[in-house]
Amino acid sequence: MNRIVKRFFIFLIISKTCLSASVSGLNGIVLDSTSYEPLIYANVFIEGTTVGTITDKNGYFYIQAKPGKYRLIVSYIGYEKNSTSVEIKPNKTTKMEIKLKPTSVVLEAVEVKGLSKTPTLSSAIFLQHRDISVVPVAGDKDLARMLTTLPGITFNNETSAKIYIRGGDPDQTLYVIDGAPVVFPSHLFGIYSMFNTDAIKNVQVIKSNPPLEYFGKAGSVVDIINNEGNRDKLTGNVKLGLLNTSSNIEFPFALGTMGFSFRRTYFELIKWTLLSLTDDKDINPNSGLPEYYFHDFHFKTVQQLNEKIKLTINGYKSRDYLNNFNPDLRFDSAIDSAEDKNSSNWQNEMYSIKLETFINPQTQISFQYYNTKYNVVYSGTNTLLYNRIPGIPDNDTYDYFNQFNDQGLYVRANYRGLANHFLKTGLYITNSSYRLTMNGQFIPDSLTHTGDNTYISLNAQDSWHLSVLTELQIGSRITFSKSLNKPIFDMRVVFKHFLTERFTIKGGLGKYSQYQNMVTPQGLFYLESVDLWIPATEENPPVESRHLVFGFDYKSKTWGKLDVEGYTSATTGNLLLNPYEIKSSFFSENFSVGSGYSYGIEFLYEKNLSDHYFRIGYNYSKSFRKYNFPGREKYYRATFNRAHNINLVANVKLSDKWVLNTSWFLSSGQPYTAATGAAGITLPLNIDVTLYQLSGINEFELPPYHRLDIGLVKNFKMLKRKAQFEINVFNVYNHRNTIGMEQNIYLMAKRKTEPIYFKMMPILPSIGLNVEF
Amino acid sequence: MKLKKRYTLICFSLFFLYYGCDYIDPIDTFEPKLVIQGYLYESKTFSNVVLKQTVSDEDLLKHIYYQENDFKLISDAEISLSVDDSIFIFLTESPDKPGRYVVKPDSNSFIAKSGQKVTLDCIAEDQYLSAETIIPDSIFLDMLYPANDIYIDSTDSVVIRINSRDDNISYFVKVEENEEFGSDVDFIYHNYLPSKRYFLTTNNTVIIPNNFFRYFDIEYKIIILNLDQNLFDFYRSLTSPPFNPEPVIMHVMGGLGIFGSASQAEVIVEVKKIGD
């Protein structure tokens, strides 16, 4: 430990020496000329040279160059190109503020020849607000659904907002809002976005091998940056839809800006949609149909305290309510029970305070405190219809509570003063705690567990430009914790090389650790929709994951952009909450530890023109899991794994007023375990039961999944303000995709004449009106 | 022309992909498997083993409709038991009950003792099946006070202590109302409490929920089985929903079913209301 502290101080001394170095350069910020919002990842380069960069998440850039007179070119998709004369003086940094004017014509960014000096990311996709609008949806604009149109990102079913990125479990994706983690934002039924997209400015998705400044998860990253707000005037919008309403407001405030956004659904209407989920004859008219709604709220203020210090305070809160939910609704009416009632509510909240400062033009330091919380309450009464032991008490009344709280302090420093290097380092101190209580027929009396853990993590990364055409990124991270008996090391290496101006090869590998796990109860059917979060402890070691990525991309103005990547990953320490029952000895008897691996190849082709955008993505992927639990000791296909996925997205500007959005999915069916036969067994004490002859776990595949969604947007003026009227049709040709196959013995028999599938959403039209002010 | 070629290629690829997503109905893959059903009770004479085959869904429904549980019984099997890998017992089919296999009449009867490892081997229908069990310890119930009368109010559970060498046993409980009670003369109301090891982690105490005792002032028979690992796993994994079934843990190689052992204790109690 002393050695590590000593080395850290040596690093600080060296850093101090570096910080005092004086070099010639150019630094500044790139802004939207109307709202004064900083523009992220705008291209900035000196004309006629290979010197250039892209702006960071705050819109800042820094270029080191020899003294002289130059022309600086700044470009960004959707904005007019800016060309400015600039003089760089010896041993001085010239400051600039560049404003780009938005244009209605979609222009591609002009890119610097050679590499920028902000680290490039493999497996990363950067999305602007308008990219999210390209995908037609049934409800409001949906980030999760937009993401699933990208290769390598898939969903379990239409009723869930959980996404699976490159074979990782949903809990292996880190969601970050303005630098602070959110535990697990999700809403039911998959119709609603996890976040209010009105508040979102940019999203960066890193599918694997993410940089080490992202802490705590072993897989992918969804990094969301919310609008900073309009620095010039009050702006916003109000949106009215069939199922929800939302609004967003931004205005200048004190030394900067402030913005709020709010959303509330009236999803209680979904009852009628749910009625059509199953055939009329299977519905018990006495069944309690669910009532569901949620609201969420985003808040952000950015205050420029002085020329060098920026303060950002932001928050997010969402709460979902689900009442009168009867999980038996989907089954045969003859054995359904009208008395079954379940209710649940869950909430996410996060707030953070960030202070950013420039010590000098090359050195930026930020301090961020965050506090994020997730809790879920689930309770109800169920008739145990499918218990195969006759005579077990008919009703089970239960209640369940889980809370996960994570807070921490992030200190980050970026340094661009060394030629051909961009150094990043961070010190993270975080604390996670959880509480779980369960009561019920299959749960010992008052199962209550609490725990907490503190982590101290140091990371250091360098983006090293070996030449104009080759970049190497290396980084490492060490994490200490009071409940882990040894420090944990992570590392990452990424390279990128331009073979030609258009053709780039890239690759990377990394090792990551995860300190929060989500498990879902198996076998206790009424708890299967509940997620349980626990932090890593001594008996629950962190999940470890190893990533390998390789690929190439090809860009051409006439041909478009093709991105091809192959990947493989392996994880250990995956957790399974044991099926069948929950016992009082919390970890050792309730959880099984396992491992998994995934591999795949992805193709993404994009073509962006002034009046249309077209994207086609394909991926082939396989994901496997195994656990130290009887019957699961050998690798089997993960339930979410669809081997082939193809997604088409097209956005066509039909006229000045009308825009057509379409997306089409085709993928293999999900794997499932099938009952093919059965036998009668008499157990001791003369108990007759039916024993099913099951296939291997997930040995079979459901029928293929396909769906077409279409959206039509009309731009017009309403009360002298910009407005959009939207018509969206989800599942246009009403293909009832299969979520699963019934294994009930009575229904199995009926399968000789008709397949007994549980179907997902039918055709679902929706309309919405958005007015900007 | 180039554009036409490109779209043709895309359409062809999609068509190929769609039909490449192969779908197989699992029902069409059904192949019958052997099913064994056999139990050994500590300190009791071995009874029999039943051998069956699984049936397809259609046949199964027919049998369930007629409330039959023993169907598709298999005859002419070769079944043997080995005790601690040293004593071999060969079973023969009962002449009046096809599919049931008993100890050959000329052999000595077999009484299972705690700690013994008993292995079953079976060959039938060109399939081989095997399973093994370790006979659990005997159990005794503490004397209940006085004269096995239990006084509870309308919310109390009934608590019974088990005496055993093992502090961590798996048990299964059955509670039966007296057959001759009141108007329910012909109806045996029984509830089962699934085996839950966690009740016994600190002391060998069975807690029977209050709703197992519907009436006061009548006798109840409480039967407690101390289960081996096979039966314990089988019982606990039966409570799985049909929609996405979890495999039942059977510990049978080459087939389905259960071959397990248990020790049994029982007590008759009369439940009375506090204050009476």
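Reminder, nothing fancy here: chain letters follow the sequence lines and each chain counts from 1. These numbers come from the heavy atoms of this one structure, side chains and all, not from hydrogens, waters or symmetry mates.
Remark: B:Thr54 OG1 to A:Leu694 CG distance equals 11.0 Å, nearest 0.5 Å.
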*Mind running side-chain contact (heavy atoms from CB on, under 4.5 Å) on A:Leu683 and B:Gln37 for me, showing each step along the way?*
CA-CA 8 Å; A:Leu683 290 167; B:Gln37 174 192 308; over 6 Å; no
*B:Thr29 and A:Phe700: CA distance, side-chain angles, deciding distance, side-chain contact (heavy atoms from CB on, under 4.5 Å) verdict*: CA-CA 11 Å; B:Thr29 66; A:Phe700 287 93; 3.5 Å; yes
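When side chains are defined from C-beta on, B:Met250 counts as touching A:Leu691, because their heavy atoms get closer than 4.5 Å.
The main-chain N or O of A:Ala679 is never found under 3.5 Å from a side-chain atom of B:Gln53 such that the two would form a donor-acceptor pair.
Smallest separation of non-hydrogen atoms from A:Gln693 and B:Glu31: NE2-O, 2.9 Å. Heavy atoms only, all atoms of each residue included: A:Gly677 and B:Phe30 are closest at CA-CE1, 3.8 Å. What you find for A:Ile681 and B:Tyr39 is that their closest heavy atoms are CG2-OH, 4.1 Å.
For B:Leu34, no part lies under 4.5 angstrom from a heavy atom of chain A.
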